[in-house]
Amino acid sequence: MKKLDSSLLNMTLVLTVVALVSAGLLAWVNEVTKGPISEQAAKTITDGIRSVMGSNDIEVAEADTVRQLSDGETRVFVMHGVSAKGGKPLGCAVESSVMGFGGEMRLLVGYDVEGHVLGYKVLQSSETPGLGQKADTWFQKDGKGSIIGRKLSVNKPLAVTKDNGEIDAITSSTITSRAFLRAVNQAYAAYHSTLKDIAPAKCDGVSSATKKTVSCEQKPQTADEQKSKVVRPAAKKSDAKVSAVAEKHTAKGHADADASEDSPQHEEETDVHTGVSKVRNIVRVY
């Protein structure tokens, strides 16, 4: 067989053929492995949810995506509503990600209906082996910086002792520890945001982000809800006051309106949140 001449045309043709064959093989391999990879990823999440919720006898709702602004960036959280076989809400498992010392760190954190941390699983980590990688076990139930069983609050997030918190940081890995706790706090904030427009006794509802059903429950009332209960009677009194003022204006009839047709008038309104009445100027046009 005659050897091809080392011309520019021949080299270009050979390189083109090799590139096309390589691209075809890669596309074929990607197509063949896409299904198994997707199934394995789904299995990892499913097993992870059972692990962080502490039970295998559960039902998991369709995943719901919530977007929140945190640290000046829009972050995406994947919510997995969890309930018992009988339908009783048990809480939610939330996928959260944050930048650690060595790169992105992805967590799956389980919360019960009252906001306690049931468990967590590190889905992805690029932290230093022997140091930051200890996050996989350091914050577990038997770890030195355990967060299991702690009740979270959006007003008092978890923090390491160096930041006046209560959690012991991983030895020589404070940055990783802070990133880990930030991911846990942000995951809870996303979970809590799906409950704010839902009755306290039960939070089976619709996420404001994707309009998909989230299955979870919140029995205790938040500080804001308790505050709104305190001021509610005052709001009712103010409503009565506004009603009296309205009747007074009605009794005056059209005489006052004709006398001051083009002049500023006053109208009283009540802040329903504080129960405080305010008077503002208005101009009526006839």
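Each residue takes its place number in the sequence, starting with 1. Just so it is clear, the structure is predicted and the values come from calculations on it, not from any experiment.
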Visitor: Check the pair T33 / V29 against side chain to side chain contact (heavy atoms under 4.5 Å, CB included), numbers first and verdict last.
Guide: CA-CA 6 Å; T33 59; V29 171; 4.2 Å; yes
Visitor: Which residues pass the side chain to side chain contact (heavy atoms under 4.5 Å, CB included) test with D163, sequence neighbours left out?
Guide: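 Only A159, V160, R178 meet the side chain to side chain contact (heavy atoms under 4.5 Å, CB included) criterion with D163.
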Visitor: Identify, with sequence neighbours excluded, every residue that meets ring-ring contact (aromatic ring centres under 6.0 Å, His included) alongside F139.
Guide: F180
Visitor: Output the distance between atom NE2 (H192) and atom CG (N185), rounded to the nearest 0.5 Å.
Guide: 13.0 Å
Visitor: Does N30 reach the main-chain N or O of L26 with its side chain, forming a donor-acceptor pair under 3.5 Å?
Guide: no
Visitor: Do any N or O atoms from the side chain of Q68 and from the backbone of R75 form a donor-acceptor pair under 3.5 angstrom?
Guide: no
Visitor: Could you check whether any side-chain heavy atom of I167 comes within less than 4.5 Å of a side-chain heavy atom of I147, counting everything from C-beta outward?
Guide: yes
Visitor: Taking side chain as C-beta onward, heavy atoms only, is E59 less than 4.5 Å from V82?
Guide: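 E59 does not reach V82 side chain to side chain.
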Visitor: Heavy atoms, side chains only, cut-off 4.5 Å: are L107 and L123 in contact?
Guide: no
Visitor: Given the rule in the side chain to side chain contact (heavy atoms under 4.5 Å, CB included) test, do Y188 and V154 qualify, once you have shown the distances and angles that lead to the verdict?
Guide: CA-CA 8 Å; Y188 176 73; V154 293; 3.9 Å; yes
Visitor: Give me each pair satisfying side chain to side chain donor-acceptor pair (under 3.5 Å) with a member in residues 12-24, each pair once, sequence neighbours excluded.
Guide: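 Of all non-adjacent pairs touching residues 12-24, none passes side chain to side chain donor-acceptor pair (under 3.5 Å).
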Visitor: As an exercise, state the distance from CG of D47 to CG of N56, rounded to the nearest 0.5 Å.
Guide: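 One gets 8.5 Å once the value is rounded to the nearest 0.5 Å.
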Visitor: According to side chain to side chain contact (heavy atoms under 4.5 Å, CB included), who are the partners of D142, at least two apart in sequence or on a separate chain?
Guide: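 Here no residue qualifies.
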Visitor: Do V21 and V17 touch side chain to side chain, with heavy atoms closer than 4.5 Å?
Guide: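 The answer is yes; the side chains approach within 4.5 Å.
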Visitor: Please check if the side chain of S177 supplies one atom and the backbone of I170 the other of a donor-acceptor pair under 3.5 Å.
Guide: yes
Visitor: Would a hydrophobic clustering, with Ile, Leu, Val, Met, Phe, Trp and Tyr connected at side-chain separations under 4.5 Å, put V52 with V78?
Guide: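 Each belongs to a different hydrophobic cluster.
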Visitor: Of all the heavy-atom pairs spanning T161 and E166, show the shortest one and how long it is.
Guide: CG2-C, 4.2 Å
Visitor: Verify side chain to side chain donor-acceptor pair (under 3.5 Å) between S96 and Q186, making sure each step is shown before the conclusion.
Guide: CA-CA 7 Å; S96 176; Q186 291 175 352; 4.7 Å; no
Visitor: Not counting sequence neighbours, list each pair that qualifies as a ring-ring contact (aromatic ring centres under 6.0 Å, His included) and has a residue in residues 15-58.
Guide: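 Residue pairs passing ring-ring contact (aromatic ring centres under 6.0 Å, His included), neighbours aside: none found.
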Visitor: Return the CD1 to CD distance between I45 and Q40, rounded to the nearest 0.5 Å.
Guide: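 Reported value, rounded in 0.5 Å steps: 11.0 Å.
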Visitor: If a pair satisfies salt bridge (Lys or Arg N to Asp or Glu O under 4.0 Å) and one of its residues is in residues 30-39, list it, with sequence neighbours excluded.
Guide: E31-K34
Visitor: If you apply the rule side chain to side chain contact (heavy atoms under 4.5 Å, CB included), what do you find for S193 with V66, and how did you get there?
Guide: CA-CA 9 Å; S193 72; V66 175; 4.1 Å; yes
Visitor: Tell me the closest heavy-atom pair linking L108 and G48, and the distance in Å.
Guide: CD2-C, 3.4 Å
Visitor: Would you say that more than 12 heavy atoms from the other residues, nucleotides or ligands in this model lie under 6.0 Å from the NZ of K85, or not?
Guide: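 Atom NZ in K85 is packed in, count exceeds 12.
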Visitor: To the nearest 0.5 Å, how far apart are CZ in F77 and OG1 in T194?
Guide: 12.0 Å
Visitor: In chain order, what residues pass the side chain to side chain contact (heavy atoms under 4.5 Å, CB included) check against V60, with sequence neighbours excluded?
Guide: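 For V60 the side chain to side chain contact (heavy atoms under 4.5 Å, CB included) partners, ignoring immediate neighbours, are I49, I58, H80.
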Visitor: Quick check: do E104 and M99 have side-chain heavy atoms less than 4.5 Å from each other?
Guide: yes
Visitor: Ignoring hydrogens, what is the shortest heavy-atom contact between G132 and T176? Give both atom names and the distance.
Guide: O-CG2, 3.6 Å
Visitor: Under the side chain to side chain donor-acceptor pair (under 3.5 Å) rule, what pairs show up with a residue in residues 128-141, not counting sequence neighbours?
Guide: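 Sorted result for residues 128-141: empty, none.
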Visitor: Can you name the closest pair of heavy atoms from S172 and L131 and give their distance?
Guide: CB-CD2, 4.1 Å
Visitor: When you compare the side chain of V184 with that of Y120, does any pair of heavy atoms fall below 4.5 Å?
Guide: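 The answer is no; the side chains never approach within 4.5 Å.
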Visitor: Using a 4.5 Å cut-off on heavy atoms from C-beta on, say whether the side chain of D112 contacts that of L90.
Guide: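 With C-beta onward as the side chain, the pair stays apart.
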Visitor: Quick check: do E114 and K151 have side-chain heavy atoms less than 4.5 Å from each other?
Guide: yes
Visitor: Give me the atom names and distance for the closest heavy-atom approach of V113 to G91.
Guide: CG1-N, 3.8 Å
Visitor: Per the salt bridge (Lys or Arg N to Asp or Glu O under 4.0 Å) rule, what does the pair list look like for residues 16-25, sequence neighbours excluded?
Guide: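 Every candidate salt bridge (Lys or Arg N to Asp or Glu O under 4.0 Å) pair involving residues 16-25 fails, so no pair, neighbours aside, qualifies.
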Visitor: If you take all heavy atoms of C92 and Y191, which pair is closest and at what distance?
Guide: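 Nearest pair, atom of C92 first, then Y191: SG-CE1, 3.5 Å.
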Visitor: Residues in salt bridge (Lys or Arg N to Asp or Glu O under 4.0 Å) with E95, at least two apart?
Guide: R106
Visitor: Determine whether I148 and L118 satisfy the following criterion, side chain to side chain contact (heavy atoms under 4.5 Å, CB included), listing intermediate values before the conclusion.
Guide: CA-CA 6 Å; I148 308 303; L118 297 178; over 6 Å; no
Visitor: Kindly write out the residues that satisfy side chain to side chain contact (heavy atoms under 4.5 Å, CB included) with S38, not counting sequence neighbours, or none if the list is empty.
Guide: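 By the side chain to side chain contact (heavy atoms under 4.5 Å, CB included) rule, S38 matches no residue at all.
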Visitor: List, by chain and number, the other hydrophobic cluster members for L13, where Ile, Leu, Val, Met, Phe, Trp and Tyr join if side-chain heavy atoms come within less than 4.5 Å, directly or indirectly.
Guide: L9
